Amino acid sequence: LFFFLMTRLPPRSTLSSSSAASDVYKRQTEIHGDFLHGCTGLTTLDLSPLSQVTRVHFGFLFYCTGLTTLDLSPLSQVTEVHTGFLLSCTGLTTLDLSPLSQITVVYGNFLVGCNHITSLDLSPLSQVREI
């Protein structure tokens with residue numbers, strides 16, 4: 001299990017705490033590396049602590065085969081997914097993507113090996129401009 005959460009610092013030219021640009025940079029939170037990898041016994045997952053995440057890099061959930069449901073609503077601020085989002089989460093049977101309507105960029109795999117999902121509405125991803 002490897003998890004790395006990073007908050008970007010403001011550029012040197014906007015170090016003032018009253019700077020609007022500084023405030024924006026402080027709120028940009030990213031997940032780097034595999035967030036959860038191989039947590040086969042995990043059956044529920046509370047994503048609410050990740051409500052400020054805007055970018056997911058290099059994987060999010062890998063081989064979490066015990067998850068049967070996943071509430072993505074805390075990830076409503078995510079705009080970019082790079083190299084993997086859900087991979088081999090075979091326990092999932094339904095997935096509501098509507099909270100991910102802010103995503104405009106998807107690089108690499110998005111849903112792979114989630115072969116028990118019986119129906120999937122991709123319309124919430126209509127804002128994706130770059131794949």
Side-chain angles (χ1 to χ4, degrees):
L1 176 69
F2 173 61
F3 170 70
F4 186 109
L5 187 64
M6 179 180 90
T7 301
R8 292 179 60 184
L9 296 175
R12 292 187 188 277
S13 62
T14 60
L15 288 178
S16 165
S17 60
S18 63
S19 162
S22 175
D23 292 342
V24 168
Y25 274 91
K26 287 176 187 173
R27 289 190 307 267
Q28 288 184 342
T29 305
E30 303 178 359
I31 294 175
H32 289 267
D34 295 345
F35 177 65
L36 290 174
H37 190 143
C39 297
T40 57
L42 186 66
T43 57
T44 60
L45 179 61
D46 178 13
L47 296 176
S48 59
L50 304 179
S51 64
Q52 295 299 310
V53 170
T54 58
R55 295 182 181 116
V56 177
H57 296 275
F58 311 113
F60 186 63
L61 298 176
F62 288 96
Y63 304 108
C64 296
T65 56
L67 280 177
T68 55
T69 60
L70 184 60
D71 178 13
L72 296 174
S73 57
L75 299 179
S76 63
Q77 300 300 312
V78 172
T79 58
E80 296 182 20
V81 176
H82 297 257
T83 316
F85 186 68
L86 296 175
L87 300 172
S88 297
C89 294
T90 56
L92 290 175
T93 56
T94 60
L95 188 61
D96 178 13
L97 296 178
S98 59
L100 303 180
S101 62
Q102 299 300 310
I103 292 178
T104 57
V105 176
V106 175
Y107 292 117
N109 302 316
F110 186 74
L111 292 174
V112 175
C114 300
N115 54 354
H116 288 99
I117 296 175
T118 55
S119 88
L120 187 62
D121 178 11
L122 295 176
S123 62
L125 300 179
S126 63
Q127 298 299 315
V128 173
R129 300 288 178 247
E130 224 176 303
I131 297 179

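What's counted below: heavy atoms across the whole structure, side chains too, no hydrogens, waters or symmetry copies. Being a predicted model, the structure only gives us computed values, none of them experimental.
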Tell me, which pairs form a salt bridge (Lys or Arg N to Asp or Glu O under 4.0 Å) where one or both residues lie in residues 79-93, sequence neighbours left out? R55-E80

The side-chain contact (heavy atoms from CB on, under 4.5 Å) partners of T83 (sequence neighbours excluded) come to F58

Would a hydrophobic clustering, with Ile, Leu, Val, Met, Phe, Trp and Tyr connected at side-chain separations under 4.5 Å, put L36 with Y63? no

V81 side chain reached by F60 side chain, heavy atoms, under 4.5 Å: no

Rounded to the nearest 0.5 Å, how far apart are CG of L61 and CG of L87? 9.0 Å

Just distance, no hydrogens or angles: give the donor-acceptor pairs under 3.5 Å from side chains in residues 97-114, sequence neighbours left out.
residue : atom : partner : partner atom : Å
S98     : OG   : D96     : OD1          : 2.7
S98     : OG   : D96     : OD2          : 3.0
Y107    : OH   : E130    : OE2          : 2.2

With sequence neighbours left out, which residue pairs that include part of residues 110-126 fulfil the salt bridge (Lys or Arg N to Asp or Glu O under 4.0 Å) condition? none

Are F62 and L75 co-members of a hydrophobic cluster defined by side-chain heavy atoms under 4.5 Å apart? no

Please report the closest heavy-atom contact between Q52 and T29, naming both atoms and the distance. O-CB, 3.6 Å

In Å, rounded to the nearest 0.5 Å, how long is the span from OG1 of T93 to CG of L67? 11.0 Å

